[in-house]
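Data block below; observations after.
All figures in this text were calculated on a predicted structure; none of them were measured in a lab. Labels below follow one simple rule: chain letters A, B, ... track the order of the sequence lines, proteins then strands, and each chain is numbered from 1.
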Amino acid sequence: MGEQASSIAGQIDILFWFMTLASAVITGGIALALLFFSIRYRRRSENEVPVQTEGALKLELTWTFIPLILSAFIFLWAALLFVRMSRPEPNAMEIYVTGRQWMWKAQQPSGQWENNELHVPVGQPVQLNMTSIDVIHDFYIPAFRQKQDVLPGRYTTLAFTATKAGTYNLFCAEYCGTQHSRMVGSVTAMEPRDYQAWLQGENNAESPAARGLRHFESYGCDTCHRQDNGGVGPTLVGLYGQQEQLADGRTVTVDDSYIRESILNPQKQVVQGYGPPSRMPTYAGRVNETELIDLIAYIRSLGGQQQEQGGGGDDSLPGAGAEETPGTGPNSSTDGPKP
Amino acid sequence: MATISQPAGQPLRSPRSPEIRETYLNASSGLRSWLFTVDHKRIAWLYLMAISFMFLIGSAAATVMRLELLTPQGDMIQAGTYNKLFTMHGVVMIFLFLVPSIPAVLGNFFIPMMIGARDVAFPRLNLLSWYVYMFGAAFILYALVTGGVDTGWTFYTPLSTTNYTQNVVPTALGILIVGFSSILTGLNFIVTIHKMRAPGLTWFKMQLFLWSLYATSLIQVLATPVLAITLLLVAIERTLRVGIYDPALGGDPLLFQHMFWFYSHPAVYIMILPGMGVVSELISTFTRKNIFGYKFVAISSVAIAVYGFLVWGHHLFVAGQSVYAGMVFSVLSFFVAIPSSIKVFNWTATLWRGSVSLQTPMLYALGFIGLFVVGGLTGLFLAALALDVHLSDTYFVVAHFHYVMVGGMLLAYLGGLHYWWPKMTGRMYPEFLGKISAVVVFVGFNLTFFPQFVAGALGMNRRYYAYDSEFQIYNVLSTAGSTILGLGFMLPLLYLTWSLKFGKLASDNPWGSEGLEWKSATPPPTENFDEQLVVVRGPHHYTAKEQVVG
Ligand SMILES: [Cu+2]
Ligand SMILES: [Cu+2]
């Protein structure tokens, strides 16, 4: 196991070395037994016939139950660790990642896009929300002991907290075609102060929510989704994180995936009182993945449950706590929700 | 095993020239007599020829890959070529070599003989299976020579349904057709074992090779249709653009992975259970004891076959499957290891107070146990959720399954081939060279694949044609090891061929085995046994009296 640079890396490695040790003992034991028996009981004469042994129930039970207990123990250990590392921290800084043949794009909460690179502050829990534009990829940072497949048509998440400043390998771990082995990059973990400085230096970007607003207008979403709920569609203000009542009787939580579905596939989950059929046209094939991410950022910025802590109207992605969020720069005046 | 009533006056067999007596080899001659034979023993030879050829193709691909990987930057061949090579290596080795290897060659030859039957239940279907296999193989080879495929043997969607190479469809169809051959063979074996056993041969008197091939056949019959459906849907999505797996068409990419592994995990057992069966035979013969805890070992084969259907999700821990599904599949995967560990412990215990003879087949069997243990235990690393996150899709996985497939199945196949060679050909292989080959293969194998565990744990990804230079040392070791391994495989190829003509003549039972198949003449006559066998004792029962016959 290589360098450890995330909060879970050490725990994974302990499990790894424990299993390696246990395996070495078992393999060594069997190898020694085989070797010893082969010599001790070697055939001494051509017509030798050994005493026939039938087997022994007690022995069979012993070597059924000892491995069983050992397995159960390791399973639990690994499963609990897995649950812990899959669950994102509530105050995680969210970064959007898209994979495509054969490069990575990552978007900082403040809007900068990076290609095949990702900068994160040390000590800050990070959650990556990832999707793919074409085939399946996999975001893998060996030093963080974390990986997750990146699928087209849905979001998957990856959570980590970097613990050591440095630049680490980023690999695509799911075979994705010709240049799969070139779909590599780096993740740079920086001390929070350096990270801020880096952001300032890079900061010429419009925030995602601001870009989302532009798309919202240019795609004509605003004609139906008005702030005052007076349009053909429901208002999106305060929507994010709510329980939505659907026409078919189900209730769903409004999250990224739900919004994505609502835009690409409106007939699938129709809001109660608005159909079916939904009068919203499908945007599948018109809105691309980066625009989708911006639109989601915009809708999130319109408020909702998770938004409260960040303060209403703040365009930064929810969850990115105030200290970690860099100033929104010169564009901040255009960022807020549509007046 | 298995005493047989021998009517008085039956001549005692002794070494003799095969030319004197009529055997299955000289009963008829000419190419037609082989290509249209319905004798299970000759069909076994047809398979042996075919799969040896496939093994050479698969190895050639591996050789070029290992050479490319000597240096971190991709410099010898192009990325696309490399991807086609590993796809070809996987497809050929798995579907055209490993799956048919022990069942279709050794199983075909020895299942009828071990149950005292004249042939399999459906001899003509047996021949048809071979033709179906060849037909499917032709599709796959056609795809390979006309440009190849670069999806990997796993054909993950949507890569495989959108990617530019046009040969995905013929390859998928080829695998589908080969799958039918596998289903027919499995069906044939199941019926044969149920219906054709000699009088007195009850289930718990059967040799363990039969148990393991019975379990294998169950998987072949039940799982292979799912693979057929999965690949057919890939072909349909590709050609007709019907949305099944591709989200752009409204499909679900994970559906493919679930369906694919629903076959391919059980298929892992198609590729190891027969090896376990062979090793059980080898250990019995070369310790002169029935396997310790025989019933547990027998039942564990069937347990593995049934249970193997419930663990496919361990290939999807980081694929986007829910955390809870992951936990269920993880715990089930840990428990599927139990029947395998029972086998290992019992094999080891069989040596205890046995009469251990370290002939070539036994060396292969011991090698099998060692490598299989490593392969199995590293499988648990991958079943452990948190650890799999780091290790999946790295060289750790590559090393793990090569320990099981090559270290396990291939070593068992070679061990079995040496063991039964005298019965199949009437000639002995050169024992000294045999021992050398077993040692060379074992050393070469470990040198090839052990460094891959290390590289994988350090984070080297599989299917990478160029890699980070920190991993070079492990790749150099691995390539060096594969050279030795290659030599180890060449050796048997050469001396076994040589022995066909120049080998020492074999007696009916050169190992003094109590396996029922050794009760026939060497080489066996077309009808296997001169008279109907009646089985009165359990398998591999050695007594001093019996030794006289051996
Ligand atoms: Cu990739
Ligand atoms: Cu599996």
Side-chain angles (χ1 to χ4, degrees), chain A residues 1-2 12 15-16 19 23 26-27 30-31 33-34 37-38 41-43 47-53 55 59-60 63-64 67-68 71-72 74-75 78-79 81-83 85-86 135-136 138 140 142 145-149 151-154 156 169 171 173-182, chain B residues 79-80 83 152 156 158-159 163 247 253 288-290 292-294 296 318-320 323 326-327 330-331 334-335 337-338 341-342 344-345 348 351-358 366 369-370 373-374 377 381 384-387 389-390 393 457-459 461 463-466 468 541-544 547:
Chain A
M1 306 294 260
I12 302 276
L15 176 60
F16 177 84
M19 288 190 75
S23 304
I26 295 172
T27 313
I30 289 171
L34 288 175
F37 291 158
S38 302
Y41 300 112
R42 69 185 177 279
R43 187 169 297 171
N47 289 326
E48 182 180 79
V49 177
V51 185
Q52 300 292 302
T53 42
L59 262 178
E60 298 293 340
W63 59 49
T64 305
L68 202 66
S71 301
I74 297 177
F75 157 72
L81 198 54
F82 180 66
V83 170
M85 62 201 265
S86 320
V135 301
I136 301 178
D138 185 293
Y140 176 35
R145 311 286 187 269
Q146 264 290 30
K147 87 157 58 78
Q148 170 64 50
D149 277 12
L151 278 66
R154 72 170 78 171
T156 52
N169 279 329
F171 294 127
E174 184 63 64
Y175 176 66
C176 58
T178 316
Q179 295 298 340
H180 166 57
S181 51
R182 302 258 188 247
Chain B
N83 297 343
Y156 270 21
L159 180 66
N163 118 328
R288 297 220 169 116
K289 275 171 76 185
N290 189 22
F292 194 86
Y294 162 84
F296 285 86
V318 296
V323 173
M327 290 175 75
S330 169
V331 74
F334 270 100
F335 292 158
I338 304 294
S341 70
I342 290 179
V344 170
F345 291 128
T348 310
L351 267 66
W352 172 68
R353 299 171 79 179
S355 165
V356 183
S357 160
L358 294 181
L366 294 177
I369 299 180
V373 167
V374 175
L377 287 171
F381 285 59
L385 281 162
L387 211 46
V389 171
H390 178 59
D393 277 310
L458 291 174
N461 292 281
R463 296 176 168 176
Y464 262 38
Y465 129 96
D468 203 280
H541 189 99
Y542 292 86
T543 61
Q547 263 336 102

For [X], is it the side chain, the backbone, both, or neither that has a heavy atom closer than 4.5 Å to a heavy atom of chain A?
X      : answer
B:Y465 : both
B:F381 : both
B:T348 : both

Correct closest heavy-atom pair for B:V356 and A:S38 would be CG1-CA, 4.0 Å

If you look at every heavy atom in B:A386 and A:I12, which pair is closest and at what distance? O-CD1, 3.5 Å

Measuring from atom CG of B:N461 to atom NZ of A:K147, what distance do you get when rounded to the nearest 0.5 angstrom? 7.0 Å

For the side chain of [X] and the backbone of [Y], is there at least one donor-acceptor N/O pair under 3.5 Å apart?
X      : Y      : value
B:N83  : A:T178 : yes
B:R288 : A:E48  : yes
B:K289 : A:Q52  : no

Do you know which of B:I338, B:V374, B:V373, B:L366 has the most heavy-atom pairs under 4.5 Å to chain A? B:I338

Looking at B:G320, B:G354, B:A384, which makes the most heavy-atom pairs under 4.5 Å with chain A? B:G354

Please verify the inter-ring angle class for A:F171 with B:Y464; under 30° counts as parallel, over 60° as perpendicular, anything in between as tilted. perpendicular

Under 4.5 Å between any side-chain heavy atoms of [X] and [Y], yes or no?
X      : Y      : value
B:V389 : A:R145 : no
A:Y41  : B:L351 : no
A:L81  : B:L385 : no
A:T64  : B:I342 : yes
A:P142 : B:H390 : yes
A:Y140 : B:D393 : no
B:L358 : A:R42  : no
A:L59  : B:F292 : yes

Who wins among A:I26, A:I30, A:T156 for the most heavy-atom pairs under 4.5 Å with chain B? A:I30

Pick whichever of A:A72, A:G177, A:G153 has the most heavy-atom pairs under 4.5 Å with chain B. A:G177

If I measure from the heavy atoms of chain B, does [X] come under 4.5 Å with its side chain, its backbone, both, or neither?
X      : answer
A:A31  : neither
A:L151 : side chain
A:Q146 : both
A:M85  : side chain
A:T27  : both

What residues, two or more places apart in sequence or in another chain, satisfy side chain to side chain contact (heavy atoms under 4.5 Å, CB included) together with B:V331? A:F75, B:F335

Verdict with reasoning, B:T543 to A:V49, per side chain to side chain contact (heavy atoms under 4.5 Å, CB included): CA-CA 6 Å; B:T543 61; A:V49 177; 5.5 Å; no

Show the numbers, then the answer: is there a side chain to side chain contact (heavy atoms under 4.5 Å, CB included) between B:R353 and A:F37? CA-CA 8 Å; B:R353 299 171 79 179; A:F37 291 158; over 6 Å; no

